[in-house]
Amino acid sequence: MSAAFRHCRHRELEALLFSAISSASSISQLNQAHTLLYRLGLHQSSYLVAKLLRRLVDLRSLSNSYALAVFSQVPAPNSFLWTALIRTSAAAAAFGPPCPHPLVLYSLMRRALPPPPPLSFTFSALLKFCSTSRSIAMGSQLHAQTIFIGGFNEDLFVQNTLIDLYVQCGQLDLARKVFDEMLVRDIISWTSLIVAYTRHGDMGSAEELFGESPVKDMVAWTAMVTGYSQNARPSEALAAFEQMRMAGVAIDEVSLVGAISACAQLGVVKRAEGVRQIVQDYGFEKNLVVGSALVDMYAKCGLIDEARRIFNAMDNRNVYTYSTMIAGLASHGKALDAIKVFDEMTMRTEVKPNRVTLIGVLTACSHAGMVEAGRRYFTSISEVYGITPDADHYACMVDLLGRAGNAEEALELARTMPVEPNGGVWGALLGACRIHGKPHIAKIAAEKLFELEPDAIGNYVLLSNVYASAGMWNEVSNVRKLMRGRGLRKNPASSWMEARDGVVHEFFAGDGSHPMSREIKAALEELINRLKCRGYTPILSSIVYDVSESEKRRLLNGHSEKLALAFGLLTVDTGGTIRIVKNIRICEDCHLVMCLASSSENREIVVRDNMRFHHFKDGVCSCGGFW
DNA sequence: CTAGGGTTAG
């Protein structure tokens, strides 16, 4: 009787401690639970100690010595506990060489325990270790072993982990082979492979698999939304998100993040507001990742003040949140605000800046022409924050110096920097030459770029623009020949904006296919005439073809952002801001027209080009000439 | 136990 009672009490205690361990949210709480375990004499229970170890992994507080100490107090660890120990060791591999090695533990386990066949999740843990440590050799050996273990070819855990192993090691064809040979597949098998394809940029294969997959759950749908978004196909991401909702699939924070990021890429406000509404309906705006994504979305939609409000309202902010806010402010030319946020982060919070944060700070300085501040922050990267500046940081410095008119020093930096310059460095230099017209330096930068990025069309265009601005038409035609010889064609420049009903209208240069094309052209012509009365002279050097002046004028007035502007003047409510997004950099003439139009038409105009934002108001642009 | 997340550059 009393034994039965004690047994019952024991089971209750065990359950109690189990939940105490599960709910421990910090390593110190876990320690308390462990002390309790010890006092109650339950520290010898494989069941509880295994749970303790698993929780250790969940909390990412991976101390192998602690794990071993806990483990060694159990006199007769069962296979579950052994597996938990192996998992702890395998998880530690994400942060450094695990000690003891999971495979060593595995062989110890095989020696310590009587020889029933290994558990599938023990084997999965080993495979997972190979996957996180990208050990393809070890992994394929284990794979070979699984073939000889009865039942493993039908075991979903083992097979799915094998797919993951090959995916992580970049062996997509091997992952596919495992998938194709599986006797039973579940949604995880399908989704693993779909995600692998999206991460390799192969949306075609992802779509195909997704179509064939018999079950599509929230995670699978999310994988597609995120896949489109990350492969720069934001419209399709939003379409998939819409379909997902139509299919009645539940939505969570993760699915929304893909849609939010798609809105950020499109940069259109009404679409963004729609997704924001969904976020609020579900009550997800306090989520750290959702909040950070929203900050980015509003910044990229031109509503930097709204981005700031969301940022301010967040309870938790991490390095992503801060980096996003800083980069957003930088792209709007609000360098002082960006620096304030950075200072607040470094001086008042525990959040440590990373390389991306500092790129944001440097671009803030660059877009505001703050050369000396930029130099100080550059020095602080290594001296204060302990980060070794990489090529991207140097690219920011080259940009900062070059943009501010010091192309010679920028070239010197590119030549003497201690890390190998990448395309960004030479591209920044070439960009500086575009602004300040230094054909001889442009030539140096472009030659490097043609080696590093032979297919990047923009570099050829930039170089020919520099030559054209300097009237060096021979060189212009040489560059064009080079482009043709390499089979490169300019991808069309376009601008887009949302109409009142939220429909996105896209305009191409000289394009007359828009249904309102005639009205747009007429409105534009009238606008240009009004501006001419106010002293506007077209900047013909913005046209990089060697054609007659009248042809240059015609081409200038066909620029897609001017068409979008005229469309905006026709359709956006009086007093409403005209918001235009552009896929390449705005040209000097269009920039001037926007400036003048903002005052003559009494309109705020916001243009996002591929570099940054321009807020035109009362005849001036927020970029202050730095673009 | 195994699948989906946010930041950067010319």
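Chain identifiers are assigned alphabetically (A, B, ...) following the order of the sequence lines, protein sequences preceding nucleic acid strands; residue numbering begins at 1 within each chain.
- Remark: P of B/dG10 and CG of A/D399 are 5 Å apart, rounded to the nearest angstrom.
- Side-chain N/O atoms of A/E207 and A/Y228 include a donor and acceptor closer than 3.5 Å.
- Here the rule is side chain to side chain contact (heavy atoms under 4.5 Å, CB included) with A/C263, and of A/L294, A/D296, A/V275 only A/V275 fits it.
- Among the protein residues, A/T226 comes within range of the sugar-phosphate backbone only, with heavy atoms under 4.0 Å from sugar or phosphate atoms but none that close to a base.
- In this structure, the nucleotide among B/dT2, B/dT8, B/dG4 sitting nearest to the side chain of A/R355 is B/dT8.
- Within 4.0 Å of A/Q230, counting heavy atoms only, lie sugar-phosphate atoms of the nucleic acid but no base atom.
- Nucleotide B/dG5 holds its C1' atom 18 Å from the OH atom of A/Y228, rounded to whole Å.
- In this structure, A/R87 reaches the sugar-phosphate backbone alone: every heavy-atom distance under 4.0 Å involves primed, P, OP1 or OP2 atoms, never a base.
- The phosphate of B/dA3 has OP1 or OP2 within less than 4.0 Å of a side-chain N or O from A/K128.
- Taking CD1 from A/I86 and CZ from A/F123, the interatomic distance works out to 10.0 Å, rounded to the nearest 0.5 Å.
- A/N287 comes within contact range of at least one nucleobase, with a heavy-atom separation under 4.0 Å.
- A salt bridge links A/R375 and A/E409; the closest N-O separation between the charged side-chain nitrogens and carboxylate oxygens is under 4.0 Å.
- The base of B/dA3 sits within donor-acceptor range of the side chain of A/T191, with an N or O pair under 3.5 Å.
- Rounded to the nearest 0.5 Å, atoms CE (A/M138) and OG (A/S133) are 6.0 Å apart.
- When distances are taken from the side chain of A/V254 to each of B/dG10, B/dA3, B/dG5, the shortest belongs to B/dG5.
- Among the atoms of the strands shown, base atoms are found under 4.0 Å from some heavy atom of A/G424.
- No hydrogens or angles considered: nothing links the side chains of A/D164 and A/T161 as a donor-acceptor pair under 3.5 Å.
- Distance A/L430 CG to B/dA9 C1': 14 Å, rounded to the nearest Å.
- The phosphate of B/dC1 has neither OP1 nor OP2 within less than 4.0 Å of any side-chain N or O from A/K51.
- With distances taken from any side-chain atom of A/H367 to the nucleotides B/dG6, B/dA3, B/dG10, the minimum falls on B/dG10.
- Counting distance only, with no hydrogens placed and no angle test, the side-chain atoms of A/N610 and the base atoms of B/dG10 include no donor-acceptor pair under 3.5 Å.
- Atom pair A/K286:NZ and B/dG5:P shows a separation of 25 Å (rounding to whole Å applied).
- Residue A/A327 is classed as a sugar-phosphate contact, given heavy-atom separations below 4.0 Å to backbone atoms only.
- In this structure, A/K216 contributes its side chain and A/F210 its backbone to a donor-acceptor pair below 3.5 Å.
- Residue A/H143 contributes atom NE2, which lies 19 Å from atom P of B/dT2 at whole-angstrom precision.
- On a pure distance criterion of 3.5 Å, no polar donor-acceptor pair joins the side chain of A/T324 and the base of B/dT7.
- The side chain of A/D392 sits closest to B/dA9 out of B/dT7, B/dT2, B/dA9.
- Within 4.0 Å of A/D186, counting heavy atoms only, lies no atom of the nucleic acid at all.
- Rounded to an integer number of Å, the gap from CD1 of A/I251 to P of B/dG5 is 16 Å.
- Residue A/M218 contributes atom CE, which lies 13 Å from atom P of B/dG5 at whole-angstrom precision.
- Going from atom CZ of A/F129 over to atom OG of A/S131 covers 10.5 Å, rounded to the nearest 0.5 Å.
- Contacts of A/R199 with the nucleic acid, taken as non-hydrogen atoms under 4.0 Å apart, involve only primed sugar atoms and P, OP1 or OP2.
- Note on A/Q159: nothing from the nucleic acid sits closer than 4.0 angstrom, heavy atoms only.
- Among the protein residues, A/T363 comes within range of the sugar-phosphate backbone only, with heavy atoms under 4.0 Å from sugar or phosphate atoms but none that close to a base.
- Within 4.0 Å (heavy atoms only), A/I194 reaches no atom of the nucleic acid at all.
- Judged by atom type and distance alone, A/N422 does not reach the base of B/dG10 through any side-chain donor-acceptor pair under 3.5 Å.
- Here A/T222 lies in heavy-atom contact (under 4.0 Å) with a base.
- Taking atom OH of A/Y320 as the reference point, atom P of B/dT7 lies 8 Å away to the nearest angstrom.
- In the set B/dT2, B/dG10, B/dG4, the nucleotide with an atom closest to the side chain of A/V219 is B/dG4.
- A/L358 comes within 4.0 angstrom of nothing in the nucleic acid, heavy atoms only.
- As judged by a 4.0 angstrom heavy-atom cut-off over every strand, A/V158 is placed among residues making no nucleic acid contact.
- Here the nucleotide nearest the side chain of A/T321, chosen from B/dG6, B/dT8, B/dG5, is B/dG6.
- Considering only side-chain atoms of A/L288, the nucleotide from B/dG6, B/dA3, B/dT7 that sits closest is B/dG6.
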